[in-house]
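Working notes, beginning with the structure itself.
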Amino acid sequence: MADAPKKRTTDIGPPHYEQFLPPAIKKNYGQWKYHEILRAGVMKHVAENGDAVYTVRAGGSRLMSIDKIRMICDLADKYADGHLRFTSRHNIEFMFTDEKKIDTLIADLKKIGHPVGGTGPSITSIVHTQGWVHCHSAATDASGIVKSVMDAVIGHFENMDLPAKCRIALACCLNMCGAVHCSDIAILGIHRRPPKINHDLLHKTCEIPNVVSACPTAAIKPTTVNGKPSVTVDEERCMFCANCYTVCPSMTLNNPLNDGVSIWIGGKVSNARHEPMFSKLAIPYIENNPPRWPEVVEAVVNIIDVWKNNARKYERIGEWIERIGWPNFFKLSGIEFGKMHIDDFKHAGLTFKRSAQLTY
Amino acid sequence: MADELPKTPMLDELEKGPWPSFVSEIKMAAKRSPASKDLLGILERSYQEKIGHWKHGGIVGVLGYGGGVIGRYCDVPQDFPNVAHFHTIRVNQPAGWYYKTDALRKICDIWEKRGSGMTNMHGSTGDIILLGTSTDQLEPIFEELTAIGFDLGGSGSDVRTPSCCLGKSRCEWACYDTMAACHDFTKNYQDELHRPAFPYKFKFKFSGCPNDCVASVARADMSIIGTWRDNIRIDQKAVGDYASAGVDVTKEIVNLCPAKCMDWDGKMLKIDNSTCRRCMHCINVMPKALRPGKDTGACILIGSKAPIVEGALLSSVIVPFIKMEPPYQEIRDLVERIWDLWCDEGKNRERIGEFIQRVGLGNFLEMIEVEPAAQMVAHPRENPYVFYEEYFEEGEEEAEN
């Protein structure tokens with residue numbers, strides 16, 4: 001492949017967004033007055049001058065082939081003069097000014113397998129990581145669980161029938177490329193055993209001071225094994241974060257017998273009503289059960305159902321639980337509370353109940 | 001080649017059900033790409049064995065860049081030779097993720113010729129992700145991408161590809177032009193984005209209002225969130241229209257206001273703007289009646305991150321309010337003071353949030369020449385172990401006078 005570049009262009013940055021804006025968006029840039037959600041997945045934005053733009057939002061799978069991108073481009077050419085955009089949660093949006101196009105576009109999207117929804121008090125597409133499709137440290141697959149969960153909750157994508165929005169996210173290990181830690185429901189891949197050290201390879205593949213300093217609990221110490229420099233792990237102190245593995249491929253944590261999934265709930269990033277908050281542990285461990293992870297799906301559906309049936313309008317999962325208290329959440333959801341729910345890392349004391357304001 | 005697809009009984013289960021199937025996507029790509037065909041095979045094996053088959057990234061890239069390509073190799077190349085190399089390319093997305101179809105089709109054409117045909121639209125940080133190619137294709141892909149006006153995004157210890165909400169392009173709540181700011185910062189920091197020279201990654205995210213649609217408060221080392229200083233604009237007639245249409249203004253809005261700064265008597269909605277926290281709830285519920293004020297700008301927060309290494313953090317306030325106007329010189333100066341300090345004093349793989357936890361916010365502010373403000377804390381300290389820095393020596397008072 002002697003495709004040697006003749007002339008190299010570098011550091012040009014991304015193309016300027018303005019060339020991609022639909023004409024009605026460009027014309028009314030900064031001049032929007034209000035919007036309405038006409039139905040799930042369909043929005044109308046109205047400008048100060050009365051211009052209206054309609055948006056149809058379709059759910060996407062994050063993992064897409066160029067074949068599908070071309071089909072989506074065909075629809076954008078047909079309905080939106082060749083314009084489209086993606087949302088931060090893998091949805092695809094088409095914008096146009098002719099209201100009459102909405103129904104036929106939705107029908108055409110259905111034909112290529114893409115539902116419309118994800119606006120207002122609903123569940124929108126799950127943001128997620130690569131999992132077994134492309135990652136070295138994945139404790140579970142990402143796309144398979146996401147597909148299985150969305151198949152089960154698609155009714156809440158296509159209908160705005162929840163108390164508030166519900167943002168679900170999945171990260172396949174604690175690295176959290178998807179930064180899921182502030183989601184209404186976070187599905188998080190976890191390891192449960194300390195690293196297996198390959199003493200023959202470690203000195204060739206890893207910088208030992210980096211490995212030692214990578215450990216948040218100082219459980220890793222330098223040592224010599226069979227005359228070769230290596231490390232030891234105080235397994236009592238290992239909390240399976242895989243940070244050592246990130247800097248050193250000779251410290252494997254992947255373990256098919258013990259890897260699995262944990263579920264965290266009640267986080268949010270918006271400032272609306274309650275300040276942003278982290279998700280909290282609901283279920284410490286569910287074993288990997290591919291291809292469709294039925295136990296994970298059931299756990300997510302249960303949490304959504306209990307919230308939907310008990311929360312007040314506008315209460316996101318975290319706000320609802322803050323009002324009723326965590327003991328009531330565990331009672332209502334049937335999830336068992338145990339030792340692993342109690343924090344034992346830095347600042348753990350701030351999470352203890354420090355009052356007699358209790359429910360019984 | 002369609003009939004040669006590997007048998008994938010487990011993955012086939014994921015073609016059932018109403019949600020779009022990633023397995024069907026890989027199968028479409030596999031009809032023409034041997035790499036995607038082997039991706040199906042190796043993924044089926046992972047599903048059977050409950051373990052991934054990818055190794056750590058090696059150092060691969062394009063000439064002169066240290067980021068933008070993630071090296072990826074599988075651990076069973078003898079069984080799946082077409083994914084022996086399966087590198088990822090991060091392509092910097094246009095601000096707001098708007099495209100014209102001709103630009104997307106050109107990317108697809110490059111990726112059909114030189115890669116697996118599989119993508120992520122988009123990755124978690126915001127880039128277009130081209131998933132799976134071999135080392136010899138990297139330079140040609142880069143040349144062809146730049147020829148159609150695209151460039152690579154960040155990876156490793158550099159400025160990661162900035163991202164933003166769609167802001168003023170379609171949202172009436174945008175308190176500043178997020179797309180303009182995101183594009184401007186991205187262009188301005190191309191060297192920092194392409195050539196990793198920091199202790200660890202540094203992410204910018206631009207949100208137009210406190211609804212924070214790009215999750216900047218949880219996911220950006222620097223979170224730039226639009227807000228306003230003056231009064232919420234009220235259209236009293238439109239409030240009345242919402243009430244007539246069935247909105248219970250007291251229950252759904254007044255009672256849910258976190259500042260308890262609103263009052264509704266059935267005719268007039270009153271807001272005490274001096275205690276309004278700019279949370280957006282009332283505006284979200286009645287977009288035709290309420291709007292952010294006109295004296296708009298942004299609040300800058302710093303330091304959020306996922307758990308690795310020392311635990312997850314949310315960003316915290318460092319500039320309570322700033323006007324957002326090009327060339328954003330005051331923010332650039334601040335960013336560069338922060339980077340200089342962090343590059344000198346930060347430890348390897350220490351994010352800026354962790355650095356601040358280590359040195360203390362008070363000390364950090366002093367080092368970057370920012371005055372402390374009450375908006376930067378949830379409340380003043382509760383512990384009395386204060387590092388007092390000023391005191392008197394015997395006789396010193398007279399000497400100084």
Side-chain angles (χ1 to χ4, degrees), chain A residues 1 3 5 9 11-15 17 20-21 25 29-30 32-35 45 61-67 69 73 76-77 82 84-86 88 113-114 132 136 138 143-144 147 150-151 154 174-179 181-182 216 243 249 254 256 269-273 276 288 290-292, chain B residues 10 13-14 17-20 22 25 28-29 46-47 50-52 54 56 92 94-101 104 108 111-112 117 119-121 124 136 140 143 146 149 151 168-170 172 179 186-187 190 210-212 214-215 217-219 256 258 279-281 287-288 306-309 312:
Chain A
M1 297 294 293
D3 266 302
T9 309
D11 299 285
I12 56 171
Y17 53 87
F20 299 135
L21 299 179
I25 292 290
Y29 198 99
W32 298 102
K33 191 174 177 196
Y34 69 88
H35 77 279
H45 286 81
S61 65
R62 164 177 145 128
L63 207 58
M64 279 212 293
S65 62
I66 53 174
D67 309 76
I69 296 174
C73 285
D77 286 339
L84 72 159
R85 77 172 286 266
F86 292 82
S88 62
H114 286 263
W132 292 334
H136 61 287
S143 315
K147 159 74 175 151
M150 285 310 293
D151 278 341
I154 189 169
L174 266 61
N175 273 324
M176 284 194 197
C177 303
H181 53 292
C182 294
N243 202 27
N254 296 343
V269 294
S270 154
N271 285 275
R273 302 170 308 282
N288 274 327
R292 294 197 64 104
Chain B
M10 290 190 96
E13 290 297 311
L14 290 163
W19 191 254
F22 69 101
E25 296 292 325
M28 275 195 268
S46 284
Y47 268 63
K50 301 188 190 181
I51 193 164
W54 301 101
H56 265 67
N92 198 147
W97 297 290
Y98 281 94
Y99 297 94
K100 279 205 75 176
T101 51
L104 274 182
C108 290
W111 199 231
E112 173 170 352
T119 75
N120 291 149
M121 299 297 284
S124 300
D136 59 342
E143 187 189 1
T146 51
D151 198 346
K168 285 180 181 286
S169 73
R170 201 197 59 197
E172 68 270 26
M179 290 179 20
T186 309
K187 292 283 273 190
Q190 284 292 295
N211 283 325
D212 199 1
V214 286
V217 79
R219 313 188 48 178
L256 295 182
C279 89
M280 292 297 293
H281 174 71
K288 289 182 189 172
I308 300 299
V309 181

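Just so it is clear: chains get the letters A, B, ... in the order the sequence lines come, proteins before strands, and each one is counted from 1. Model, not experiment: these values are computed from the prediction.
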Atom pair [atom1] ([X]) and [atom2] ([Y]), whose distance is rounded to the nearest 0.5 Å:
{"X": "A:D11", "Y": "B:D151", "atom1": "CG", "atom2": "CG", "result": "6.0 Å"}
{"X": "A:L84", "Y": "B:M121", "atom1": "CG", "atom2": "CE", "result": "7.5 Å"}
{"X": "B:E25", "Y": "A:M64", "atom1": "CD", "atom2": "CE", "result": "7.0 Å"}
{"X": "B:D212", "Y": "A:S270", "atom1": "CG", "atom2": "OG", "result": "7.5 Å"}
{"X": "B:T101", "Y": "A:I69", "atom1": "OG1", "atom2": "CD1", "result": "12.5 Å"}

Quiz item: Under a 4.5 Å heavy-atom cutoff, which of B:P258, B:P210, B:G52 has the most pairs with chain A?
Solution: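 That would be B:P210.
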Quiz item: What residues form a side-chain hydrogen bond (donor to acceptor under 3.5 Å, both in side chains) with B:E112, not counting sequence neighbours?
Solution: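 If we apply the side-chain hydrogen bond (donor to acceptor under 3.5 Å, both in side chains) test to B:E112, skipping adjacent residues, the hits are A:R70, B:R32.
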Less than 4.5 Å to any heavy atom of chain A: does that hold for the side chain of [X], its backbone, both, or neither?
{"X": "B:K187", "value": "side chain"}
{"X": "B:S46", "value": "both"}
{"X": "B:V309", "value": "both"}

Quiz prompt | A:I25 portion near chain B, given a 4.5 angstrom heavy-atom threshold | solution =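 Answer is both: backbone and side chain atoms of A:I25 are under 4.5 Å from chain B.
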Quiz item: Measuring heavy-atom distances to chain B, does A:H35 have an atom under 4.5 Å in its side chain, in its backbone, in both, or in neither?
Solution: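 For A:H35, heavy atoms of backbone and side chain both lie under 4.5 Å from chain B.
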Quiz item: Should the pair B:Y47 and A:W132 be assigned to parallel (<30°), tilted (30 to 60°) or perpendicular (>60°) ring geometry?
Solution: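 Answer is perpendicular, since the angle exceeds 60°.
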Practice problem: Using the six-membered ring wherever Trp is involved, compare the ring planes of A:F86 and B:Y99 and label them parallel, tilted or perpendicular (cut-offs 30° and 60°). | Solution: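 Plane angle over 60°, so perpendicular.
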Exercise. For A:R62 and B:S124, run side chain to side chain contact (heavy atoms under 4.5 Å, CB included): C-alpha distance rounded to whole Å, both residues' side-chain angles, the deciding distance at 0.1 Å, then the answer.
Key: CA-CA 10 Å; A:R62 164 177 145 128; B:S124 300; 3.4 Å; yes
If you tally heavy-atom pairs under 4.5 Å against chain B, which of [options] wins?
{"options": "A:S65, A:G13, A:A138, A:A272", "value": "A:S65"}
{"options": "A:S61, A:G144, A:P276", "value": "A:G144"}
{"options": "A:G30, A:P216, A:C177, A:G82", "value": "A:G82"}

Tell me the closest heavy-atom pair linking [X] and [Y], and the distance in Å.
{"X": "B:A312", "Y": "A:H181", "answer": "CB-CD2, 3.9 Å"}
{"X": "A:K147", "Y": "B:P20", "answer": "CD-O, 3.7 Å"}
{"X": "A:N271", "Y": "B:C279", "answer": "O-CB, 3.2 Å"}
{"X": "A:F20", "Y": "B:K100", "answer": "CD2-N, 3.3 Å"}
{"X": "A:I12", "Y": "B:G149", "answer": "CD1-C, 3.8 Å"}

Quiz item: With sequence neighbours excluded, what pairs up with B:R170 under the salt bridge (Lys or Arg N to Asp or Glu O under 4.0 Å) test?
Solution: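 Counting only residues at least two positions away or on another chain, B:R170 forms a salt bridge (Lys or Arg N to Asp or Glu O under 4.0 Å) with A:E93.
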Quiz item: Counting only N and O atoms by type, is there a donor-acceptor contact under 3.5 Å from the side chain of A:R85 to the main-chain atoms of B:G96?
Solution: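 Present.
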